[in-house]
Number of protein chains: 2
Amino acid sequence: METTAGLRERKKAETRQAIHKAALRLAVERGLDHVTVDDIVEAANISRRTFSNYFGSKEDALLYGEEERVRSLVRAIRERPAGESGWQALRGAVRDELEDMGELDREWAVRTSLTKRHPSLLARQLANHAALERELVQAIFHRDGAGEPAADLKSRIMAAAFLVALRIATHVWIEEQEARPLSQIMEQALDEVARPFP
Amino acid sequence: METTAGLRERKKAETRQAIHKAALRLAVERGLDHVTVDDIVEAANISRRTFSNYFGSKEDALLYGEEERVRSLVRAIRERPAGESGWQALRGAVRDELEDMGELDREWAVRTSLTKRHPSLLARQLANHAALERELVQAIFHRDGAGEPAADLKSRIMAAAFLVALRIATHVWIEEQEARPLSQIMEQALDEVARPFP
DNA sequence: AGATTACATGCCCATTGGGCAACTTTGCGC
DNA sequence: GCGCAAAGTTGCCCAATGGGCATGTAATCT
């Protein structure tokens, strides 16, 4: 992304990435429950204590990429044209993000399939989502809030529904062995969640 | 509910309940992070080891009631009249459940407000929801699955959206200091999630 | 360069989750 | 009622974890 920022920052980012990578690799190789923090620490060439400075747990380390991705999505949503409604902004942002990542995020697939199999990971991921949900709610409210009667509730529902669509689409994508492009499934899921239930 | 089942079963249920209660009380009194498993154990008059036989963690113990409640909801959904569509069954079940609990579940309120403040609890709760989401998907698919083109995806979305509505409604209910009856907020949230996004 | 600040590491400890084995209670067939 | 099998409880133990504190080391600022 950026070559900017001081050496310090770059090193930090590197270390964080290294830990994340190491954790992911080990988890794939041996299965999550046969990986201890010490293992990761060794693989990443850092001290046990340093690990804790970066992440609160194995799970956090594994889901780091996930968090990054969603954070970027939230940013994209904020930067959408002012004229768009909340829902339009959400959809537009997803479309763009998927586009310029070229569909081919192997790590994402790996993380997701780990998450599917591992309750502890799922829990952490959902908790992250919940945190981001709040920001999403604000972003949506900022667009649709004017004059709406129950704008607060609506924004919340929309944010949550949106995340649900993302989550389910990703899972379906994995289950289908990535037969269809993620973007297609994503669109379908978003359509579906926006459609009225009978 | 039932006075049936052997002495053994009853005692177990009692102990489980006692642990749950103790955990909840202590968490309210001192705040969750100032409660250790040992504290709970002491308050509930059981050994440290026995705690682990019942629950895997503080969080599990605290959310026990929650799990029970949702489990009962799922049962209610399964037992709905066969003619109803998935969405109808979901709504009907919620309405009934709320009705015959008379709106006045203090513990529920307490648990929810704890959950709102505590990420670790939220994580666990969402993980539980995820587990139940699967059962919900099946129940819905069983009703709406016939002939639908993308019934799988639709069922998933519906189940998740449904749980989203429940979760948000409960949170709003708490935030409003229980000014409005939960059932009303719940209906509103369900309406909202079933409405198409613009 | 010298001062300041941020970060990495080592040491340490309370808490946790769960395996194992002994002991106690409950349920059941006779 | 008796005695045995099954289920539950407890104590003991240990690896793993999360995080406070102090100290060394590298980066940034002036």
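So you know, we letter chains A, B, ... as the sequences are listed, proteins then strands, and number each from 1. Just so it is clear, the structure is predicted and the values come from calculations on it, not from any experiment.
- Rounded to the nearest 0.5 Å, atoms CG (A/Asp39) and CD (A/Glu29) are 10.5 Å apart.
- One can place CD of B/Glu42 at 16 Å from C1' of D/dT10, the figure rounded to the nearest angstrom.
- Between B/Arg49 and B/Lys12, it is B/Lys12 whose nearest contact on DNA chain D lies nearer the 5' terminus.
- Bounding nucleotides for the chain A contact on DNA chain C, 5' to 3', at a heavy-atom distance below 4.0 Å, are C/dT5 to C/dC11.
- A cation-pi arrangement is absent between B/Arg180 and B/Trp173 under the rule of less than 6.0 angstrom and at most 45 degrees off the ring axis.
- When heavy atoms are screened at a 4.0 angstrom cut-off, A/Phe51 is found touching no nucleic acid atom at all.
- Ion pair A/Glu66/A/Arg69 flagged as a salt bridge, since at least one NZ, NE, NH1 or NH2 atom sits closer than 4.0 Å to an Asp/Glu carboxylate oxygen.
- Listed by chain and residue number, A/Val164, A/Arg167, A/Ile168, B/Glu133 satisfy the side chain to side chain contact (heavy atoms under 4.5 Å, CB included) test with B/Ala160 (two or more places apart in sequence, or in another chain).
- Rounded to an integer number of Å, the gap from NZ of A/Lys58 to C1' of D/dG18 is 13 Å.
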Applying side chain to side chain contact (heavy atoms under 4.5 Å, CB included) to A/His20 and A/Arg111, what does each step give before you reach the verdict? CA-CA 11 Å; A/His20 171 58; A/Arg111 280 195 310 263; 3.9 Å; yes

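- If you check every strand for non-hydrogen atoms under 4.0 Å, A/Thr36 touches sugar and phosphate atoms only.
- Note: CG (A/Leu7) to P (D/dA26) measures 12 Å, nearest angstrom.
- Separating the CG atom of A/Asp60 from the P atom of D/dT17 is a distance of 13 Å, rounded to the nearest angstrom.
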Run the side chain to side chain contact (heavy atoms under 4.5 Å, CB included) test on A/Asp144 and A/Gln88 for me, step by step, so that the C-alpha distance in whole Å, both residues' side-chain angles and the decisive distance to 0.1 Å come before the verdict. CA-CA 11 Å; A/Asp144 300 345; A/Gln88 284 169 341; over 6 Å; no

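- The residue among A/Arg8 and B/Gly56 whose nearest nucleotide of DNA chain C is located toward the 5' end is A/Arg8.
- The CG atom of A/Asn53 sits 17 Å away from the P atom of D/dT23 (whole-angstrom rounding).
- A/Phe55 comes within 4.0 angstrom of no nucleic acid atom, judged by non-hydrogen atoms across all strands.
- Atom-to-atom distance recorded for B/Ser183:OG and B/Met101:CE is 9.5 Å, nearest 0.5 angstrom.
- Phosphate proximity of D/dA27 to A/Lys11: present, with a side-chain N or O under 4.0 Å from OP1 or OP2.
- If you take CZ of A/Arg10 and P of D/dT28, they are 8 Å apart, rounded to a whole angstrom.
- Regarding B/Glu9, its CD atom lies at a distance of 16 Å from the P atom of D/dA6, rounded to whole Å.
- Nucleotide D/dT17 holds its P atom 6 Å from the CZ atom of A/Arg48, rounded to whole Å.
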